[in-house]
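Report on the following structure.
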2 protein chains.
Amino acid sequence: MKADAVRGHLDGLLLAVLEQGPLHGYAIITAVQRRSGGALDLRTGTIYPALNRLERQGLLSSDWESIGERRRRCYQLTDAGRAALAGKRADWRAFTSAIGAVLDPATPGNATPGNAT
Amino acid sequence: MKADAVRGHLDGLLLAVLEQGPLHGYAIITAVQRRSGGALDLRTGTIYPALNRLERQGLLSSDWESIGERRRRCYQLTDAGRAALAGKRADWRAFTSAIGAVLDPATPGNATPGNAT
DNA sequence: GCCAATATATTGCCTGCCAATATGTAGCAC
DNA sequence: GTGCTACATATTGGCAGGCAATATATTGGC
């Protein structure tokens, strides 16, 4: 998968992997990797600033966890985050439907004039 | 739809609308608009450079058409363009499958470990 | 002792689409 | 005959946003 393929969909990915329970940044990277079958490989320079931003936006909350001398920051969804995730999923469907309708018009499930939001 | 949503998928869109026959730039814009149900609204600053680039890459060929004093440049797919379109469609499926698997794991048709290209 | 994996954080860059702008024809309303 | 809109193409500059590179620290295997 080309390098910055997730552009525009990163927030949704992060919120989605956190839906099933709290995770720290490093674990989020591997979770995304695993769930995408290895296709998506996020970098630290991508997710740490993003997690920070999502927390500032109130979609995530975090607390530090200590394993011996090691510290990790665990993020979890807030209620607002859960709501935002639903929105991101709707956006994703609209997006794939729109592009799909142009790229692959024969495929059922793609947008046809008349399904406005 | 947010402004630069098509980022990374523009070439596929252009090739796809040209699959059914030659079109000039302005008509491509309206074709994409119509086929996406109004969701996608490409700008001239987006498509004219892109069409030019695709022609330089050998995926399109063009010739000028004259309607009275009016001139328009009609693009059509080359064989290479047709092949590239097939590739773009495969890329699109891999992309939606990968993101979908993370964002919406319950949905059937999304990637699961084991469907490498 | 050295290296890889685990873990977080920051800086600067680059890609690639968009907004703005320019230019010209054609047709219609008034 | 002036002004407006639709049709048609082209170019410039800007910027959002993810990535590469880099830095730092702990832990465990060999």
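Order of the sequence lines fixes the chain letters, A, B, ..., with proteins taken first and strands second; residue numbering starts at 1 for each chain. A quick note: this is a predicted structure, and the numbers were derived from the prediction, not measured.
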Sorted by number, the residues of [range] with heavy-atom contact under 4.0 Å to DNA chain D:
range	value
residues 20-32 of chain B	B:H24, B:G25, B:Y26
residues 11-19 of chain A	none
residues 47-56 of chain B	B:Y48, B:P49

Within this structure, what is the [atom1]-to-[atom2] distance between [X] and [N], rounded to whole angstrom?
X	N	atom1	atom2	result
A:D41	D:dC19	CG	P	9 Å
B:R71	C:dG24	CZ	P	12 Å
B:R72	C:dA26	CZ	P	12 Å
B:M1	C:dC17	CE	P	16 Å
A:L42	D:dG18	CG	P	10 Å
B:D4	C:dG16	CG	P	12 Å

Query raised in the report: Ignoring hydrogens and angles, are the base of C:dG16 and the side chain of B:R7 linked by a donor-acceptor pair under 3.5 Å?
Result: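 Answer is yes: a donor-acceptor pair is held.
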
For the backbone of [Y] and the side chain of [X], can you confirm whether one donor and one acceptor N or O come within less than 3.5 Å of each other?
X	Y	value
B:T96	B:W92	yes
B:S36	B:V32	yes
B:Q76	B:L60	no
B:T78	B:S61	no
B:S62	B:R73	no

Spacing of [X] atom [atom1] and [Y] atom [atom2] [to the nearest 0.5 Å]:
X	Y	atom1	atom2	answer
B:T30	B:H24	OG1	NE2	7.0 Å
A:I99	B:L40	CD1	CG	5.0 Å
A:I28	A:L18	CD1	CG	4.5 Å
B:R72	B:D63	CZ	CG	12.0 Å

Requested in this report: Check the side chains of A:R71 and A:S66 for a donor-acceptor pair under 3.5 angstrom, ignoring hydrogens and angles.
Outcome: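 Note: A:S66 and A:R71 side chains miss the donor-acceptor criterion.
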
Query raised in the report: Tell me, for nucleotides 21-30 of chain D in 5' to 3' order, what letter each nucleotide earns: B for a base near a protein heavy atom under 4.0 Å, S for only sugar-phosphate near one, - for neither?
Result: B----BS---

**Report entry** Sorted by number, the residues of residues 58-66 of chain B with heavy-atom contact under 4.0 Å to DNA chain C
**Finding:**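 None - not one residue of the stretch has a heavy atom sitting under 4.0 Å from the strand.
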
Requested in this report: Assign the ring pair B:F95 / A:F95 to parallel, tilted or perpendicular, where the plane angle (0 to 90°) is split at 30° and 60°.
Outcome: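 Geometry flag for A:F95 against B:F95: perpendicular rings.
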
Report task. Please state whether the phosphate of C:dC18, meaning OP1 or OP2, lies under 4.0 angstrom from any side-chain nitrogen or oxygen of B:R43. Result ->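 Indeed not, no polar side-chain atom of B:R43 lies that close.
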
Query raised in the report: Run the side chain to side chain contact (heavy atoms under 4.5 Å, CB included) check on B:R53 and B:D11 step by step: do they pass?
Result: CA-CA 10 Å; B:R53 176 172 42 78; B:D11 292 4; 3.0 Å; yes

Requested in this report: Please assess A:R7 against B:D4 for the test salt bridge (Lys or Arg N to Asp or Glu O under 4.0 Å), listing each intermediate value before the final yes or no.
Outcome: CA-CA 10 Å; A:R7 194 187 194 84; B:D4 74 9; 5.2 Å; no

Query raised in the report: Is the shortest side-chain N to carboxylate O distance from B:R43 to B:D41 below 4.0 Å?
Result: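 Looking at B:R43 and B:D41, the cut-off is met.
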
Query raised in the report: What heavy-atom pair brings A:G12 and B:L103 nearest, and what distance separates the two atoms?
Result: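 Nearest heavy atoms, A:G12 then B:L103: O-CD1, 3.2 Å.
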
**Report entry** Exercise: identify the closest heavy-atom pair between B:E19 and B:R82
**Finding:**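 For B:E19 and B:R82, the tightest heavy-atom pair comes out as O-NH1, 3.9 Å.
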
Report task. For A:L59 and A:L77, run side chain to side chain contact (heavy atoms under 4.5 Å, CB included): C-alpha distance rounded to whole Å, both residues' side-chain angles, the deciding distance at 0.1 Å, then the answer. Result -> CA-CA 6 Å; A:L59 306 184; A:L77 285 183; 6.0 Å; no

Query raised in the report: According to the Watson-Crick and G-U wobble definition with distances under 3.5 Å, which dot-bracket string, read 5' to 3', encodes DNA chain D, using [ ] for crossing pairs and | for pairs with another strand?
Result: ||||||||||||||||||||||||||||||

Query - Pairwise side-chain contact, B:V102 with A:V17, heavy-atom cut-off 4.5 Å (strictly under) - result: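 Yes, their side chains come closer than 4.5 Å.
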
